[in-house]
Number of protein chains: 2
Amino acid sequence: MSAPELSTRQLRAFLALAQQRNFTRAAQQCHLSQPAFSALIRTLEDAVGARLFDRDTRSVQLTVEGRLFEDAARRLLDDIGEALQDVNDHVARRKGRVHVAALPSLAAGWLPAILAEFGRDWPGITVALSDALSDGCIALVRNKQADFALAAAGSGGAADLQAHALCSDRFHLVCRADHPLAAERRLSIAKIARWPFIQMARTSSLRQALDAAVAPARFKAAFEVEHLATVMGLVDAGLGVSVVPTLTLFHFQRASLVTRPLPLPGLQRTLYVVQRRGESLSSAAQALHDLIMARLATLALG
Amino acid sequence: MSAPELSTRQLRAFLALAQQRNFTRAAQQCHLSQPAFSALIRTLEDAVGARLFDRDTRSVQLTVEGRLFEDAARRLLDDIGEALQDVNDHVARRKGRVHVAALPSLAAGWLPAILAEFGRDWPGITVALSDALSDGCIALVRNKQADFALAAAGSGGAADLQAHALCSDRFHLVCRADHPLAAERRLSIAKIARWPFIQMARTSSLRQALDAAVAPARFKAAFEVEHLATVMGLVDAGLGVSVVPTLTLFHFQRASLVTRPLPLPGLQRTLYVVQRRGESLSSAAQALHDLIMARLATLALG
DNA sequence: GCGCTTTACGCTGCGCGTAAGTATC
DNA sequence: GATACTTACGCGCAGCGTAAAGCGC
């Protein structure tokens, strides 16, 4: 009653014999001795439960049941080959899909060039990019929507995820070029804290890292906004100053503004690559991960 | 480069592990020791060319490539099972088709009851019946349109066919009940030859058998027709007498006619089962052949 | 007798189970 | 230390090739 066992060798031998109608030639085609080939056909006939060939010394030809099985065998071998080919295409990165979640700063600033290079290297792979705040990135990984994330919080105490540090970027003061702090000889948290400050929302990982880094000091929050572009607008309008990580400085590259690194050792945030623990990346995801690692040097970390 | 080998055991093992996500349980399900099962999975991964499971001591789960392969494996096993089931249905005579060619006399007289019984025994099998003259029957077999034939000529000197005798039927005089021959005490060819005779066409196997049997005597051909029903009509109209084999007597079962066996030993024709040499019958055809042989006793051979 | 398949028969090696090893929690 | 996968290892048997035997022409 248990299902009979069948192998691709048997199917290939069967088709070879159906084509050659001669045991000796079919055996050669299968790189087998003729008796071994004969035995292989016999085991196939036992497995199928039907005599598939009429053979005598003079002729070999398919039985009616053999002809029935011939079509099926051909289809089966094709399907098997197709399935293997498909997996191989994914392994060889001719096909695939990778979904990376990244902080907005990375998604807007550094990643696009890498994704472009990746697209040139592996044109068959579809790339999806989610720009989300750190918690959102990590949620996407946990949900198995994203393959991995580039986010600020580490594994966050979650046993199902694992993180390794990608890089650390330092914080910079941003203010108008005509602001007194722009010319201040020795910057410090205390000096900055005297001026109206443009905060990010409390949900922002940037804000959390900053609060943690300067504690117990506090800034005078003149505004609390969601987006760095808004921070830039407010600062440029002279409504306050702010402190942002290196990776976001591209928002502030304009003549009317000044950015100054804060030379305080503890004042930095670390970015992590986050993925599901114990689960390997797909071939496509691994390729993107590798490229990201290889291009780390291009991250201009002031 | 040569295509990798794959077996149903590997596919079943793969699906068991994908389902159980635990080597020990999956091994039990496959009736294998856990190490043997582990090795089987490894050989599958080698054949496919991709790691299909992420495993550590705590968890086993499909990789992305594994999930790709899972659907394919399920489909493949289904298709294989279906192919085997189909062949088995044919072997077990739950499906199939048999095409028999038979002389008109058999097709009209004796076969229908057998075909009806066959249809009751094997309702899944489609039966095709060709009623043709002997040469036509044999041509159908040679063309592989018919599985076998019940015909009068033997193998006919053809090396590609083989025939074995089915039965011999004797010849009978048919004439009107009021015809002098109806009351003749001792019939003979010579006595019959004095009367107008209704011949079959020369292409008829019946005619050929009859000519050969009575040679060198000849009948006085009053008519030469194609069909036995016509012979009956002509005889019934008093236009002549005729001589026909036992199997065709059903055409002449009416009060106005008399049929009398001709007690001459050599005067008979032999019917053969004809099939292609060296080619076995399909399961369905064999079943019909067997039934025909088993019902030979019901042939009323006068 | 010739050509082709099958049977006979050692032999190698794949693949099994048992047992020890290793890693993770 | 408990659990679960992997490695180590000895062994039996499936499956190979060589050689001999059947078998139909």
Side-chain angles (χ1 to χ4, degrees), chain A residues 2 4-14 16-47 51-63 66 155 157-162 276-280, chain B residues 2 4-14 16-47 51-63 66 155 157-162 276-280:
Chain A
S2 79
E5 299 299 344
L6 220 61
S7 71
T8 52
R9 299 183 64 241
Q10 288 172 314
L11 293 181
R12 268 189 273 273
F14 170 79
L17 184 53
Q19 179 200 343
Q20 299 283 355
R21 300 154 55 102
N22 174 301
F23 275 70
T24 307
R25 283 198 302 275
Q28 287 169 351
Q29 181 175 329
C30 293
H31 309 292
L32 276 174
S33 73
Q34 194 276 332
F37 182 85
S38 196
L40 192 57
I41 294 293
R42 188 155 358 97
T43 65
L44 173 63
E45 290 182 326
D46 289 347
R51 176 157 271 253
L52 299 173
F53 294 95
D54 280 320
R55 59 256 216 199
D56 59 36
T57 53
R58 200 49 49 178
S59 91
V60 174
Q61 57 186 318
L62 287 166
T63 61
S155 51
D160 58 339
L161 298 181
Q162 82 183 24
R276 293 181 287 280
R277 179 176 301 281
E279 182 171 332
S280 63
Chain B
S2 79
E5 299 300 344
L6 220 62
S7 71
T8 53
R9 298 183 64 243
Q10 287 172 313
L11 293 181
R12 268 188 274 273
F14 170 79
L17 184 53
Q19 179 201 343
Q20 299 283 355
R21 300 154 56 103
N22 175 300
F23 274 69
T24 307
R25 283 197 303 274
Q28 287 168 352
Q29 181 175 328
C30 294
H31 309 291
L32 275 174
S33 74
Q34 194 277 330
F37 182 85
S38 197
L40 192 57
I41 294 293
R42 195 173 23 251
T43 65
L44 174 63
E45 290 182 325
D46 289 347
R51 175 156 273 254
L52 299 174
F53 293 95
D54 281 319
R55 58 256 215 199
D56 59 35
T57 51
R58 202 47 49 177
S59 92
V60 174
Q61 58 186 318
L62 286 166
T63 60
S155 51
D160 58 339
L161 297 181
Q162 82 183 24
R276 291 181 288 281
R277 178 177 302 280
E279 182 170 332
S280 63

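Hydrogens, waters and symmetry mates are skipped; everything else that's a heavy atom, side chains included, is used.
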Just the rounded figure in Å: distance from [atom2] of [N] to [atom1] of [X].
{"X": "A:Q34", "N": "C:dT5", "atom1": "CD", "atom2": "P", "answer": "5 Å"}
{"X": "B:N22", "N": "D:dT6", "atom1": "CG", "atom2": "P", "answer": "11 Å"}
{"X": "A:I41", "N": "C:dC4", "atom1": "CD1", "atom2": "C1'", "answer": "15 Å"}
{"X": "A:D160", "N": "C:dC25", "atom1": "CG", "atom2": "P", "answer": "12 Å"}
{"X": "A:E5", "N": "C:dG15", "atom1": "CD", "atom2": "P", "answer": "13 Å"}
{"X": "A:R21", "N": "C:dC4", "atom1": "CZ", "atom2": "C1'", "answer": "15 Å"}
{"X": "A:Q28", "N": "C:dT5", "atom1": "CD", "atom2": "C1'", "answer": "14 Å"}
{"X": "B:Q162", "N": "D:dC25", "atom1": "CD", "atom2": "C1'", "answer": "15 Å"}

Just to be sure I understand the rule, does [X] reach a base, reach only the sugar-phosphate, or reach nothing, if contact means heavy atoms closer than 4.0 Å?
{"X": "A:L32", "result": "sugar-phosphate"}
{"X": "B:S38", "result": "sugar-phosphate"}
{"X": "B:R42", "result": "sugar-phosphate"}

> Can A:T63 and A:D54 be said to form a side-chain hydrogen bond (donor to acceptor under 3.5 Å, both in side chains), step by step?
Replying inline: CA-CA 6 Å; A:T63 61; A:D54 280 320; 5.7 Å; no
>> Strictly below 4.0 Å: does B:R9 bring a side-chain N or O up to OP1 or OP2 of C:dC16?
In response: yes
> Is the shortest side-chain N/O distance from B:T24 to OP1 or OP2 of D:dC5 below 4.0 Å?
Replying inline: yes
>> Run A:R12 and A:T8 through side-chain hydrogen bond (donor to acceptor under 3.5 Å, both in side chains) and show every step you take.
In response: CA-CA 6 Å; A:R12 268 189 273 273; A:T8 52; 3.3 Å; yes
>> Under the criterion salt bridge (Lys or Arg N to Asp or Glu O under 4.0 Å), I'd like the reasoning laid out for B:R51 against A:E279: C-alpha separation, chi angles, the key distance, then a yes or no.
In response: CA-CA 11 Å; B:R51 175 156 273 254; A:E279 182 171 332; over 6 Å; no
> Considering only side-chain heavy atoms of B:A36, which listed nucleotide, C:dG17, C:dC4, D:dC5, is closest?
Replying inline: C:dG17
> Which nucleotide in the set C:dT18, D:dC5, C:dT5 lies at the smallest distance from any side-chain heavy atom of B:F23?
Replying inline: D:dC5
> Side chains of A:S7 and B:E5: is there a donor and an acceptor less than 3.5 Å apart?
Replying inline: no
> If you pin A:F37 and B:R55 to their nearest nucleotides in DNA chain D, which one's is more 5'?
Replying inline: B:R55
>> Below 30° counts as parallel, above 60° as perpendicular, anything between as tilted: where do the rings of B:F53 and B:F14 land?
In response: tilted
